[in-house]
2 protein chains.
Amino acid sequence: MNQDTILKTLIADNVVSDPASARGRLLKEAAKLFRDKGYERTTVRDLAAAVGIQSGSLFHHFRSKEDILKAVMVETIQLNTALMRAAVEAADSHEDKLRALIRAELESVLGQTGEAMAVLVFEWRSLSDGAQAEVLALRDIYEQLWLDVLATLAEAGTIKADAFVVRRLLTGALSWTITWYRPDGGMDLAELTDQVMLTLAVSH
Amino acid sequence: MNQDTILKTLIADNVVSDPASARGRLLKEAAKLFRDKGYERTTVRDLAAAVGIQSGSLFHHFRSKEDILKAVMVETIQLNTALMRAAVEAADSHEDKLRALIRAELESVLGQTGEAMAVLVFEWRSLSDGAQAEVLALRDIYEQLWLDVLATLAEAGTIKADAFVVRRLLTGALSWTITWYRPDGGMDLAELTDQVMLTLAVSH
DNA sequence: CAAGATACCAAGCAAGCGCTTGGTTTGTAA
DNA sequence: TTACAAACCAAGCGCTTGCTTGGTATCTTG
């Protein structure tokens, strides 16, 4: 199942919004604004202007500004969990599964959903406690995919450090690429993936 | 030269504020508030209350709220650059220099200056363009310490990936520890440093 | 002790914020 | 064509924000 098919399935199941719909377009613009200016600095007037409506009309689609932030985060996690799962299942060896996870997370962070992923990393504290808990529950599912693969590699001795610690170090390392990686800088995503594998000293 | 001596030298040179002074106390409280609530959600009334004065009185010490954020960042970088330099110079082998850098950065991120370091990572966008440029210039000095050590290790073949890439991956990995590492969780800083070295597959 | 600088308070202004309200347009389906 | 709901607008309310102002204590120094 390729990435486009996965996206369409999730849209059909109402797990993520259709990017063509009013709601989907708003979430896309919101992700961009939240990443560029931060959640607090982005006003409901900014959000409304980005999709060409009045600020008050936003509240016909979402109950509050925070609701928009939450929707951006939830939909992004849902989509990426599905993409990750497919990436793991498509790979054969455990080394290749790790490589596939790294590649997939880099694609999430640096590609289409990059704006939303950055929001997920940097705007965490802007969510209320209740909403944080909801998002956290979804993230745990996502994380388990990583831990399964890393634990197997640790048992086999391919990686020397603790699987939990490696995952957490990787989380930081990979999401931080948002701040410095530029696709036009002479290193494509495959090379970057290789560099990460080399840094971990995992051969293939 | 130990850490306390370094701090005192910097205070004497007016590079960082004395934590006992009014200015120093405010910056300490500001770092905590900015980390906990984010810069935008922290009001000048919050900042003033934290040191027991009226909100208007803040502007006797700082020209603007942003000035406070900038001061937190600048002083933190200055202090940590000095600490890093001392850590590198105290180590003998290149592997030990890397270990010393990792340990020192973890101490910065997780110890006394942790709040301010978190602000440096997460509140970057809240600075105006001009202030960002100033902070960036200071950060470049800091980064060069890392790159020198990593480049030597790359030439020797101890690390297999590109030195620039490794440093950037490490930046993310180490600063991300703010979000998950708890000193009471059964792993002390020495063990965490070891885990990072093991993840990089650099032996000692 | 005098006098200037430093540190602070009490009050409030102008602007911007999230969100509400009452009413109008647009789409849909019988 | 009619009836109803969904989508939107125009206006603005109540509140909070960063910062200013004019004045008063407190400290420092000759």
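Each chain gets a letter, A, B and so on, in the order its sequence line appears, and its residues count up from 1.
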Asks: Distance check needed: C/dC17 P versus A/Tyr39 OH, whole Å only.
Replies: 13 Å
Asks: For the backbone of B/Leu174 and the side chain of B/Glu105, can you confirm whether one donor and one acceptor N or O come within less than 3.5 Å of each other?
Replies: no
Asks: Taking CZ from A/Phe59 and P from C/dT21, how many angstroms apart are they, rounded to a whole number?
Replies: 12 Å
Asks: Output yes when at least one side-chain N/O atom of A/His60 is less than 4.0 Å from OP1 or OP2 of D/dA7, else no.
Replies: yes
Asks: Less than 4.0 angstrom from a charged side-chain N to a carboxylate O is my criterion; do A/Arg99 and A/Asp194 meet it?
Replies: yes
Asks: Of the options C/dG18, D/dC19, C/dC9, whose atoms approach the side-chain atoms of A/Thr43 most closely?
Replies: C/dG18
Asks: Please state how far atom CD in B/Glu66 lies from atom C1' in D/dT17, giving the value in whole angstrom units.
Replies: 16 Å
Asks: Choosing from D/dC19, D/dC8, C/dA7, which nucleotide comes nearest the side chain of A/Ser57?
Replies: D/dC8
Asks: Any N or O donor-acceptor pair under 3.5 Å from the base of D/dG18 to the side chain of B/Arg45?
Replies: yes
Asks: Mind calculating the distance between CZ (A/Arg63) and P (C/dT20) to the nearest angstrom?
Replies: 11 Å
Asks: Taking the six-membered ring of B/Tyr39, is the NZ or CZ of B/Lys65 close enough (under 6.0 Å from the centre) and on axis enough (within 45°)?
Replies: yes
Asks: Grab the CZ-C1' distance between B/Arg23 and C/dT6 for me, whole Å please.
Replies: 15 Å
Asks: Does a nitrogen or oxygen in the side chain of A/His61 sit under 4.0 Å from OP1 or OP2 of D/dA6?
Replies: no
Asks: Report the distance from atom CD of A/Glu40 to atom P of C/dC17, rounded to the nearest whole Å.
Replies: 12 Å
Asks: Closer to the 5' end of DNA chain C via nearest nucleotide, is it B/Gly52 or B/Ser55?
Replies: B/Gly52
Asks: Parallel, tilted or perpendicular for B/Phe122 and B/Trp176, by the 30°/60° rule?
Replies: tilted
Asks: Between atom CD in B/Gln54 and atom P in D/dG18, what is the gap in whole Å?
Replies: 15 Å
Asks: Between P on C/dA10 and CD1 on B/Ile53, what's the gap in Å once rounded to a whole number?
Replies: 12 Å
Asks: Quick check on B/Arg85: does its CZ atom have over 12 non-hydrogen neighbours (other residues, nucleotides or ligands) under 6.0 Å away?
Replies: no
